[in-house]
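Just follow the structure's listing: the first ligand is 1, and inside any ligand the first atom is 1.
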Amino acid sequence: MKHASKLIRQHILSLLSDGQFHSGEVIAQQVGLSRTAVAGHISQLSDWGLDVFKVKGKGYRLNRPFTLLDADKIKRHLPGNRLSTVQVASVLESTNTELKKKIANNRDELANGDTLFSEIQTAGRGRHGRQWLAPVGGSLTFSMYWSFPDGYQSMAGLSLMVGVAICEALRRMGIDDAQVKWPNDIYLGGKKLAGVLIEVEGQIGATAHSVIGIGLNVYVPAAQYDVGQPHTDLCSVLASEPDRNELAAHLVDSLHHHLNDFAAFGFGKFVPIWESLDLFADKTIVLQMGEKRFSGIDCGVDASGALLVETRDGIMRFHGGEVSLRGM
Ligand code: ATP
């Protein structure tokens, strides 16, 4: 995307976020474009998930105002001085993709805990190339970088530990009943609230560079958005809308803290807490691996993050990768 277009969309986004009417003519004057060009940018933002409408004679308005993410505000909520950085972009393809590009091109500039948020992802992803839907201003989509000098094997259980870290951050926002679904989802009230997508770059036997991507629903009403499975958002359970900058800071802080522990001790020490948060603990579950299906009882996880399932043939162990878990 051209730099000028980026700045124009950023400007339009920050103007509209106040929830007031803004005439196409005034916006056009401010950004030095024609009204038609402005209409084009707004239509593009709408395609990317901005909930905006137009009234003749009044201009454009959002259905719901929101506070823009702001790196300085997020940092102000962070305790202590961190060496890592927090950045906020307006529009990116995906924050994971962007950090992966950085690993490939400017790895020396990255430090553990560096975090990139984006108000808009034009191609947000879940596992196996599935789509992640995030209405503009109604969610948090971000990625954190962390390197593991001992390579891939020292990352076993990472996505589970990230789930624990997210639940801890949610507790700080007053939500103490979030749960984890093996291996990478966060649930609230039995519905999906957030997803984790971890991607890794690096050669076997060398440092593994991980990108920990998270999408979390703040205001994604089920009546308005169909994401293909039951989902929920924070606004459905909190008395008032959470401050996304404060929530972002809690997430960054909790992840940072948990990642330091994980890097030092591995997943083993997180097993009891993960199991206490397990959505399907002791329940009958179905595991889908390509064409194959297994069912059994969820018996928790081992120190490598593998899921333990009691089947007719005894306890079986499943590793993340291609496995998808469902309830019965
Ligand atoms: P698995 O159990 O294999 O992880 P999953 O359906 O949870 O399966 P993910 O890759 O974790 O898959 O997440 C992508 C899926 O999440 C999408 O296919 C869609 O069904 C769902 N999804 C997309 N956007 C959202 C959202 N904002 N909130 C909740 N769920 C979403």
Using only atom types and a distance under 3.5 Å, with no angle test, would you say the side chain of T311 pairs donor to acceptor with the backbone of G296? no
Any heavy atom of R127 under 4.0 Å from ligand 1? The part involved is both
Counting heavy atoms under 4.0 Å, the part of N184 that contacts ligand 1 is side chain
The answer for which part of Q131 has a heavy atom under 4.0 Å from ligand 1 is backbone
Quick note on ligand 1: atoms under 4.0 Å from a heavy atom of N217 include exactly 26 (C), 27 (N), 28 (N), 29 (C)
Under 3.5 Å, is there a donor on one side chain and an acceptor on the other for T232 and N217? no
Worksheet item: Judged by atom type as modelled, is there a donor-acceptor pair below 3.5 Å linking the side chain of D114 to the main-chain atoms of Y145?
Response: no
ask   = Can an N or O of S324 be found at a distance shorter than 3.5 Å from an N or O of ligand 1?
value = yes
Quick look: V196 vs ligand 1, heavy-atom contacts under 4.0 Å, and the answer is neither
Counting both backbone and side chain atoms, is some N or O of L133 under 3.5 Å from an N or O of ligand 1? yes
Closest to atom 30 (N) of ligand 1 among protein heavy atoms sits V227 CG2, 3.5 Å
Ligand 1 atoms nearer than 4.0 angstrom to some heavy atom of K181 are 2 (O)
**Prompt:** So, the side chain of S159 versus the backbone of P183: is there a donor-acceptor pair under 3.5 Å, distance only?
**Reply:** yes
Note: ligand 1 atoms sitting under 4.0 Å from heavy atoms of Q229 are 5 (P), 6 (O), 7 (O), 15 (C), 16 (O), 19 (C), 20 (O), 21 (C)
Exactly one of V162, L279, I166 clears side-chain contact (heavy atoms from CB on, under 4.5 Å) with I186, and that residue is I166
If only side-chain N and O atoms count, and only distance matters, is there a donor-acceptor pair under 3.5 Å linking T97 with R125?
yes
I want to check a possible cation-pi pair here: R61 against F53, using under 6.0 Å from ring centre and within 45° of the ring axis as the test. no
Check: of H231, K191, R130, min heavy-atom distance to atom 29 (C) of ligand 1 comes from H231
